[in-house]
Structure formats: C-alpha cells, structure tokens
Amino acid sequence: MATALGIGRARSDIDVVSRAGLPLHSFMDEAAVALQQVVPFVAACISTLDPATTMVSSSRKLGALDGRNERDLVWSQIEYGGDDPTSITAMVAAGQIAVGVHRLTHGMLDRSVRMSELLMPHFDFHDEARVVFVDRNGAWGHISLFRGDDHTPFAGEELDFLAAVAPAFTRGIRTGLLSQLSRADAGSQAGPAVIVFDADDRVVQSTPGAQAYLAQMPVVPGMGDPLTSVQALVSGARRFARGETDHAPRIRARTADGVWVVLHASPLGGAGDRAGDVVVTIEEARPQDVIDLVAAAFDLTAREREIVAAVLRGADTREIAVTLHVSPYTVQDHLKSVFDKAGVASRRELVARVYFDQYVRRMGSSIGPTGWYTSGPGSPVAAEVLEHG
C-alpha cells in the first residue's frame with residue numbers, strides 16, 4: 001500500500017478531476033492514473049451503467065485489456081446470465097461497494113465462474129477488485145481492477161481505499177455523461193432498429209437501422225465491444241423468460257453523436273429451431289427517458305424534479321407555486337438550487353441543458369417517416385418554450 005501522503009494525494013486528485021466537468025472518457029483515464037498510484041493493477045475495465053436497471057451501457061479498457069474485446073460477449077453472458085454474488089447487480093442489491101474476489105473466496109477462485117471460465121484461462125488474471133459507483137438514484141458505473149499470478153492479491157486496505165473514492169468516481173461519471181452535446185443533425189433516420197438472437201446467442205436477423213445505431217456507439221480507442229450491452233440485454237431477457245427476474249431489461253445509452261437511445265430485449269415465442277429467440281430493439285430515447293436520467297445525474301430532490309417538470313411544461317413561477325401549494329419565493333429558492341446543480345443561469349439554459357439539445361433544436365420541425373423529428377430549424381412555438389419556459 002502507498003504511503004499516507006501518496007494516498008491523500010491520489011484521493012485529492014480523483015476528487016478534483018471528478019469536479020472538473022471532463023468528458024466521460026477523459027475523466028476515466030485521469031482518475032485511473034491517480035488510482036494506480038495507490039492500488040496498482042495490470043488491467044482495468046470501467047463501465048457506465050443505467051442507474052434504473054444496473055445494465056452496462058459502455059465500457060473502457062485500460063492496460064493489458066486495451067484493444068482486447070474478443071471475450072466481451074462472454075463476459076456479458078456470465079455477468080447478466082447467472083447468480084454470481086460478485087456480479088454488479090448482486091453487489092448493488094447487497095449494498096456492497098468494493099470486493100476482492102481472491103479475498104472473498106479465500107483463494108479458491110474456481111468458486112467464481114467469471115474467474116474460472118474467463119479471467120484466468122483467457123487473460124491470466126488471478127484476482128479482481130470490483131467497485132460499484134452508486135448514489136441514491138442507483139448505480140452509475142463500476143470498475144474492475146486485475147492482477148496476474150505473480151502479483152499479490154488485493155489487500156483489505158486497498159479495497160477500503162477503493163470504497164472511499166467511489167463517491168468521487170460516481171460524481172465524475174455522472175458529470176461526464178452530461179458533458180457531451182448531441183449534433184443538431186443527429187437522429188434516427190435509418191428505420192426500425194431490430195436484432196434477433198437465437199437460442200445460442202447468435203445474431204440471426206437484423207435491420208439496417210440496427211447496424212446504423214451500433215455504428216454510432218462510441219468508438220474511441222480503448223472502448224469495449226458495442227455489442228456488450230446488447231448481449232447483456234439478451235442474457236437478462238433469458239432470465240426474465242425463466243421467471244428469475246420480474247421485468248424485461250432495458251438500457252439507456254449514448255451514441256457517438258451524443259444522442260440518447262433506449263435498448264430493450266424481450267423473449268420471443270416460438271417452436272422448434274425458433275424456441276429461445278430474443279429480440280432487441282433500439283430507438284431514440286423519448287424526452288421523459290432523458291429527463292429522468294438528467295434529473296438523477298444532477299441529484300435533484302423530489303421537489304426540484306417537480307419544479308423542473310413544470311418549467312419544461314412552460315409554467316411560470318406563479319403557476320408553479322399554485323400547483324405545488326408553495327409560495328413564489330419558495331419556487332425561486334428551488335429554482336436557484338436547480339440552476340446551481342445544473343450549471344445554468346436561466347430557465348432557457350435549463351431547458352436546453354435538460355434536453356441535451358437533443359430535442360429542443362428540432363422542436364417544431366416536421367415529423368419524418370420514422371415518426372421522429374427531422375433536422376431543421378425549430379418553430380416559433382419551440383422558440384417561445386425556450387424563451388419563457
């Protein structure tokens with residue numbers, strides 16, 4: 001373990017970069033550099049998660065994993081298709097922040113399917129430290145750190161440090177997700193996006209729209225296979241079909257253009273060689289999907305969310321006060337808090353910030369054959385919402 005001075009410096013560095021408003025991947029890289037000064041690792045994988053479902057929405061590889069995506073889909077099958085107590089979902093459900101697999105299994109690594117079937121035989125990793133980044137709204141991300149056979153397992157003090165810096169990672173990931181603005185001309189124009197998997201998790205059918213969406217997923221160096229999230233959904237859908245979970249899985253994710261999309265998976269009915277098929281659909285997120293995620297990322301209170309919703313409907317201060325049975329001064333106090341959290345100075349900026357410029361730029365434009373906005377200038381109505389909302 002590093003010295004007390006080194007630990008303090010690393011913790012301070014991670015805290016500073018988490019508050020710097022960095023794009024997601026820049027934050028991940030800088031935070032990982034500081035982390036390695038205290039908790040050395042040979043490889044790492046940092047994932048973003050949908051806080052509503054704990055499903056992986058993107059992943060970034062570092063060290064010995066950089067560029068090695070050949071087993072990403074197997075990882076998804078193990079992670080979301082079984083009941084490993086160190087799975088991300090299980091850790092969140094149990095309230096665990098940081099675990100070391102070697103420490104948890106007392107060195108009997110074959111107790112972990114992920115270690116015995118994936119990490120040891122294919123990557124020669126012999127310990128994994130897992131940390132989930134959680135706040136009251138759910139899990140926003142996770143990191144796995146790996147060590148080889150010739151390294152000592154992760155110690156309790158190192159796991160304690162990882163747990164201590166987890167809130168800063170949570171903040172940095174939330175901020176990073178909000179930092180990317182969508183292109184004004186970005187949108188779903190390629191038709192329905194559908195992928196069908198068979199019982200052996202092979203893609204048997206897909207539409208051009210699905211291929212277009214997958215091509216728009218983040219492709220910066222070090223990113224994992226974009227099909228990782230899709231395979232996670234398929235594994236989750238199979239558990240849903242077996243009655244092991246009570247809801248069909250879904251993920252909100254961002255494309256390289258900065259557009260939020262929603263991915264759903266559902267088991268299909270069928271007989272013979274079609275039994276066990278799963279369909280995945282991808283569509284541009286509707287406003288409420290994005291608003292909910294943004295409100296959670298800004299860590300708004302329940303009352304602040306009500307006020308933001310009223311602002312987005314175009315209500316003025318007096319109308320909001322009457323609806324919520326509070327004074328106009330109370331409304332203004334809540335709005336000031338919202339502005340501070342969102343980093344804006346006016347209602348106009350708030351509307352654009354909440355919508356990520358994803359919808360506002362196209363409000364009032366015509367509806368295309370896909371049933372969604374075409375690109376183009378907004379109407380006077382949209383301008384009025386921005387001016388007075």
- Task: Ignoring hydrogens and angles, state whether a donor on the side chain of D149 or H151 is under 3.5 Å from an acceptor on the partner side chain.
- Result: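 Note: D149 and H151 side chains miss the donor-acceptor criterion.
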- Task: Using only heavy-atom distances, determine whether the side chains of W140 and D135 contain a donor-acceptor pair under 3.5 Å.
- Result: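 Distance-only check passes for W140 and D135.
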For [X], enumerate each residue passing the side-chain contact (heavy atoms from CB on, under 4.5 Å) test, keeping only those at least two apart in sequence or located in another chain.
| X | answer |
| --- | --- |
| A20 | L22 |
| R11 | F161, A164, V165 |
| D29 | R60, L62 |
| A52 | D50, R252 |

Are the side chain of [X] and the backbone of [Y] linked by a donor-acceptor contact shorter than 3.5 Å?
| X | Y | result |
| --- | --- | --- |
| T53 | I251 | no |
| E30 | V17 | no |
| D198 | D201 | yes |
| Q37 | A34 | no |
| T175 | G21 | no |
| S57 | T48 | yes |
| S12 | G8 | no |
| N69 | M223 | yes |

- Message: Quick one, D15 with R171, criterion salt bridge (Lys or Arg N to Asp or Glu O under 4.0 Å). Give me CA distance, side-chain angles, the key distance, then yes/no.
- Response: CA-CA 9 Å; D15 185 71; R171 180 170 51 246; 2.7 Å; yes
Restricting to side-chain hydrogen bond (donor to acceptor under 3.5 Å, both in side chains), what partner residues turn up for [X], sequence neighbours left out?
| X | result |
| --- | --- |
| R130 | E79, E128, S144 |
| H122 | R71 |
| R318 | none |
| R303 | E306 |

- Task: Could you go through the side chain to side chain contact (heavy atoms under 4.5 Å, CB included) check for Q231 and V74 one step at a time?
- Result: CA-CA 9 Å; Q231 181 60 60; V74 176; over 6 Å; no
Does some side-chain heavy atom of [Y] sit less than 4.5 Å from a side-chain heavy atom of [X]?
| X | Y | answer |
| --- | --- | --- |
| F41 | Q36 | yes |
| E157 | I7 | no |
| V42 | L145 | no |
| W260 | L177 | yes |
| H264 | P249 | no |
| V261 | L263 | yes |
| V203 | V196 | no |
| T301 | S337 | no |

- For V308 and F298, run side chain to side chain contact (heavy atoms under 4.5 Å, CB included): C-alpha distance rounded to whole Å, both residues' side-chain angles, the deciding distance at 0.1 Å, then the answer. CA-CA 11 Å; V308 168; F298 288 148; over 6 Å; no
For [X] versus [Y], what's the shortest heavy-atom pair and its separation?
| X | Y | answer |
| --- | --- | --- |
| E158 | A155 | OE1-N, 2.8 Å |
| R136 | L300 | NH2-O, 3.8 Å |
| S229 | V56 | OG-O, 2.8 Å |
| G224 | D72 | CA-OD2, 3.5 Å |
| S18 | A168 | CB-O, 3.1 Å |
| A232 | S76 | N-CB, 3.7 Å |

- Quick one: list whatever passes ring pair (Phe, Tyr, Trp, His ring centres under 6.0 Å) with F125, sequence neighbours left out.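 Counting only residues at least two positions away or on another chain, F125 forms a ring pair (Phe, Tyr, Trp, His ring centres under 6.0 Å) with F123, F146.
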- Task: For F169, check ring pair (Phe, Tyr, Trp, His ring centres under 6.0 Å) against everything at least two apart and list the hits.
- Result: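 In terms of ring pair (Phe, Tyr, Trp, His ring centres under 6.0 Å), with neighbours along the sequence ignored, F169 is linked to F27, F133.
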Closer than 4.0 angstrom, basic N to acidic O: yes or no for [X] and [Y]?
| X | Y | value |
| --- | --- | --- |
| R286 | D292 | no |
| E244 | R238 | no |
| K61 | D225 | no |
| R9 | D13 | no |

- Give every residue pair that meets the ring-ring contact (aromatic ring centres under 6.0 Å, His included) criterion with at least one member in residues 326-347, sequence neighbours excluded.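 Sorted result for residues 326-347: empty, none.
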- For the pair R347 and E349, evaluate salt bridge (Lys or Arg N to Asp or Glu O under 4.0 Å) and give the outcome as yes or no after the intermediate values. CA-CA 5 Å; R347 296 187 183 205; E349 290 181 15; over 6 Å; no
Can you tell me how far apart [atom1] ([X]) and [atom2] ([Y]) are? Round to the nearest 0.5 Å.
| X | Y | atom1 | atom2 | result |
| --- | --- | --- | --- | --- |
| E284 | T255 | CD | OG1 | 8.5 Å |
| Y80 | T245 | OH | OG1 | 13.0 Å |
| I320 | H325 | CD1 | NE2 | 13.5 Å |
| H247 | F240 | NE2 | CZ | 9.0 Å |
| L293 | R254 | CG | CZ | 9.0 Å |

Please report, to 0.1 Å, the donor-acceptor pairs under 3.5 Å made by any side chain of residues 95-113, with sequence neighbours excluded.
residue, atom, partner, partner atom, Å
T105, OG1, V101, O, 2.8
S112, OG, R114, N, 3.4
S112, OG, M115, N, 3.2

- Applying side chain to side chain contact (heavy atoms under 4.5 Å, CB included), run through D289 and R250 and close with a yes or a no. CA-CA 11 Å; D289 287 312; R250 70 194 296 270; 3.0 Å; yes
- Task: Report the C-alpha distance between L312 and I291 in whole Å, list the side-chain angles of each, state the deciding distance to 0.1 Å, and finish with yes or no for side chain to side chain contact (heavy atoms under 4.5 Å, CB included).
- Result: CA-CA 10 Å; L312 297 178; I291 292 169; 3.5 Å; yes
- Item | Chi angles and distances behind the salt bridge (Lys or Arg N to Asp or Glu O under 4.0 Å) call for R274, D277 | CA-CA 6 Å; R274 305 315 313 169; D277 282 5; 2.5 Å; yes
